[in-house]
Amino acid sequence: MLKNLIATFDIHPAHPVDRLRNAMLARTSMPLSPGTLVLAYTDWFTHLNMYPAKQGELWAKGTNQCARLGQWIQCELEHKHPNPCVESMPHDRRFRDEEWQQWPFNMLYQAFLLQQEWWNDATQDVRGMHLHHEHMVNFLTRQVLDMASPSNFLWTNPKALKATFEERGDNLKRGAEYFEDDVNRFLQGAPPRGAEDFPVGKRVAITPGKVVLQNRLIELIQYTPTTAQVKPQPILIVPAWIMKYYILDLTPEDSLVKYLVGHGYTVFMISWKNPGPPERDLGFDDYRQLGVMAALDAVNAIVPNRKIHSVGYCIGGTLLTVTAAHMARVSDERLQSMTLFASLTDFSEPGELGLFIDPSEIVWLDDIMWERGYLGGARMRSTFFYLRSLDMIWSRRVRDYLLGRPSAMFDLMAWNSDTTNMPHRMHSEYLQRFYLNNDLVEGHLEIDDEPVMLLDIRVPIFTVGTTSDHIAPWRAVYTINRVTRTEVSFVLTTGGHNVGVVNPPGPRPTQYQINTHHPNNKYLSADAFHARSTWHEGSWWPAWERWLAERSGEETAPPPMGAPDAGYRLLSDAPGTYVLEGARTF
């Protein structure tokens, strides 16, 4: 078992009354730990008041901004039409439409952006302030300002006013209907509007295959070959359990599984059970044993005497890395290679997701999970939404409720609404040992009294990072080059945590950089890699497929489906039953 994983978390045992109180409070009005909020803002307020020079800088900046805005307004009223006195950030598309350049809306949005700029300076670079608290205060203050943006209100949004005038209010009528429908769906726990057009097993997750293994945690899917000959080494994919596996098997046009099968690979996929109260005591090592190791045993029985190309996505990649390191330590040589999609091994720089991870917040989450036995998938989904609140919350509400023109549902968006839960014990262990303590890179993890050392991994590694990933920042993903002593091919692709991975060849404009680091070469920093590597047009999938092919043998006849004599019968058709648990109902 993963040594001391629970003991570390229970240094300060909690009383059931305290746990219940926190769980009830979190259900009502406190999504974040009150301790985190109080500590962060007290730290900011105290240190800001300790340094009059910082206050003077802010006073001067505010005065200068008022003068700039006043001068701009004067020029505008004189019909000189000056350039804006402040520009939006590159990722901020709220004020780019032509309607926003008309008076008085141009004044409103510029005043808002100047205020946003001032508060950004006020909540950063405060001497003596804890860096985590600084990031938290800056993030939360930004959230409050985004709520107050003039783009969010009818009378201060020229595009919404124009639509209302041209459509004689029909846009608002549609928006009210969409709002009512969304509220009803939320109260009923139903999927968002349009998700019913992507039923699992009928329009997504439709690559043919069979479930060949089922235990209390996983179903293992073996996909049906579509080529006369296949590569001898099979592929085992370990997806994240914070998401349904079929992100890698969406519609046929976006399916990585279909792509691999079509290129002559025998593909196996783990489908995780959506845990509830009965699974509350499953830990991280249970996911290793009942998940990856059980799947490896099944693949070895169905495709005997062949090494395996292993693939992990997000937290599934972290689990696969831990498993590969332990296998190397105990001389288990069943892996041919390891591929990691947007997976962290070094958690020292977790990006904005780290805002929600500190001792107070972990205890808060632990109390919530203690009551239910799991962390609800909707809570995880809302956390990810807040990390991209401009696109995922406020811009969407303007489109839906003010303009009455919601974006059309598509396969990836429908998948994103199909949330999964996390068992109490596993998620507590994961947050504590990986995010908070960074025990994997620090060398403090043990399995069966053997240390888990990434330096032991010798199989070649292919790693993918994405340029706008808010869950696994690409520079943090890149550190796999620094903490291992094996050949590592690193790809940086445009897109985010999901879109960058679901990146099939086709007309969508994407680019990627790639570099291979050999253990005898000098270390190349992430920024140096980014500056020196050539950008390639198109999807990175073909480059990865070539990498796999170079590490595979001569093609042979496809293996049988399942291995009944070894206990791996054909149980059901893909996508199986676990992926439907807690799934959208139609």
Side-chain angles (χ1 to χ4, degrees), residues 1-11 213 215-218 220 236-242 270 272-273 275 279-300 307-340 343-348 362 422-461 463 479-480 482-486 488:
M1 298 297 291
L2 218 53
K3 188 177 179 180
N4 296 329
L5 222 45
I6 292 296
T8 300
F9 197 81
D10 288 336
I11 293 174
L213 165 67
N215 60 32
R216 65 176 300 200
L217 190 56
I218 72 165
L220 182 66
L236 171 63
I237 302 178
V238 184
W241 52 89
I242 62 173
I270 289 177
W272 300 100
K273 183 177 180 60
E279 287 76 42
R280 66 178 300 137
D281 293 324
L282 288 176
F284 191 86
D285 201 56
D286 293 312
Y287 274 72
R288 182 186 68 87
Q289 294 188 61
L290 296 174
V292 182
M293 298 307 294
L296 286 172
D297 291 342
V299 174
N300 286 148
K307 292 189 175 184
I308 299 168
H309 292 300
S310 58
V311 181
Y313 188 2
C314 187
I315 188 176
T318 304
L319 175 65
L320 176 61
T321 304
V322 171
T323 304
H326 178 65
M327 292 174 68
R329 170 67 60 163
V330 298
S331 300
D332 185 338
E333 300 179 350
R334 288 183 286 173
L335 298 184
Q336 179 78 358
S337 70
M338 182 170 70
T339 297
L340 304 174
S343 300
L344 292 177
T345 50
D346 183 353
F347 289 78
S348 60
I362 289 181
M422 257 68 63
H424 174 205
R425 179 182 172 190
M426 183 285 303
H427 203 53
S428 292
E429 294 172 354
Y430 178 62
L431 293 177
Q432 176 79 16
R433 297 303 299 270
F434 292 85
Y435 272 99
L436 201 59
N437 296 344
N438 202 17
D439 282 347
L440 177 57
V441 167
E442 296 294 332
H444 299 317
L445 288 183
E446 291 186 0
I447 296 177
D448 299 330
D449 296 323
E450 290 287 345
V452 177
M453 301 299 296
L454 300 182
L455 297 175
D456 291 333
I457 297 175
R458 291 293 182 267
V459 297
I461 300 173
T463 305
T479 58
I480 190 73
R482 178 170 53 80
V483 298
T484 58
R485 291 178 182 168
T486 189
V488 178

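Bear in mind that the values here come from a model prediction, so they are computed numbers and not experimental data. Here, residue 1 is the first one in the sequence, and each next residue gets the next number.
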(request) Check the pair Val238 / Val311 against side-chain contact (heavy atoms from CB on, under 4.5 Å), numbers first and verdict last. (result) CA-CA 6 Å; Val238 184; Val311 181; over 6 Å; no
At what distance, to the nearest 0.5 angstrom, does [atom1] of [X] lie from [atom2] of [Y]?
X	Y	atom1	atom2	result
Ile480	Leu454	CD1	CG	6.0 Å
Arg288	Met327	CZ	CE	10.0 Å
Tyr430	Ile362	OH	CD1	11.5 Å
Phe347	Asp439	CZ	CG	10.5 Å
Thr321	Ile461	OG1	CD1	7.0 Å

Looking at residues at least two apart in the chain, or sitting in another chain, which of them share a side-chain contact (heavy atoms from CB on, under 4.5 Å) with [X]?
X	result
Ala324	Leu335, Met338, Ile457
Asp346	Ser348, Asn438, Val441, Thr479, Arg482
Ala298	Leu213, Leu220, Tyr568
Ser343	Leu340

(request) Please check if the side chain of Asn215 supplies one atom and the backbone of Leu217 the other of a donor-acceptor pair under 3.5 Å. (result)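 Yes; judged by distance alone, with no hydrogens or angles, the pair exists.
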(request) Among residues two or more places apart or on two chains, list those pairs meeting side-chain hydrogen bond (donor to acceptor under 3.5 Å, both in side chains) that have a residue in residues 308-320. (result) His309-Ser337, His309-Ser552, Tyr313-Asn498
(request) Going by the side-chain contact (heavy atoms from CB on, under 4.5 Å) test, name the single residue among Met426, Lys273, Arg216 that passes it with Leu282. (result)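 Running side-chain contact (heavy atoms from CB on, under 4.5 Å) over Met426, Lys273, Arg216 with Leu282 returns exactly one hit, Arg216.
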(request) Could I get the full list of side-chain hydrogen bond (donor to acceptor under 3.5 Å, both in side chains) partners for Asp297, not counting sequence neighbours? (result) Arg334
(message) I'd like to check the side-chain hydrogen bond (donor to acceptor under 3.5 Å, both in side chains) partners of Thr323; sequence neighbours left out, ordered by chain and number.
(response) none
Looking only at heavy atoms, what is the nearest atom pair of [X] and [Y], with distance?
X	Y	result
Ile270	Trp272	CG2-CE2, 3.7 Å
Asp456	Ala328	O-CB, 3.3 Å
Thr339	Leu320	O-CD2, 4.1 Å
Lys307	Glu333	CE-O, 3.1 Å
Gly443	Met453	CA-SD, 4.1 Å
Arg425	Asp286	NH1-OD2, 4.2 Å

Given side chains that start at C-beta, do those of [X] and [Y] come closer than 4.5 Å, heavy atoms only?
X	Y	value
Arg329	Pro451	yes
His424	Ser428	yes
Asn437	Glu442	no

(request) Apply side-chain contact (heavy atoms from CB on, under 4.5 Å) to Ile447 and Val322, showing your working. (result) CA-CA 9 Å; Ile447 296 177; Val322 171; 3.9 Å; yes
(request) Using salt bridge (Lys or Arg N to Asp or Glu O under 4.0 Å) as the criterion, list what pairs up with Arg485, not counting sequence neighbours. (result) none
(request) Could you tell me how the ring of Tyr287 sits relative to the ring of Trp241: parallel (under 30°), tilted (30 to 60°) or perpendicular (over 60°)? (result) tilted
(request) Can you tell me which residue pairs pass the salt bridge (Lys or Arg N to Asp or Glu O under 4.0 Å) test with a partner in residues 314-328, sequence neighbours excluded? (result) none
(request) Could you walk me through whether Thr463 and Val488 pass the side-chain contact (heavy atoms from CB on, under 4.5 Å) test, one step at a time? (result) CA-CA 7 Å; Thr463 305; Val488 178; 4.2 Å; yes
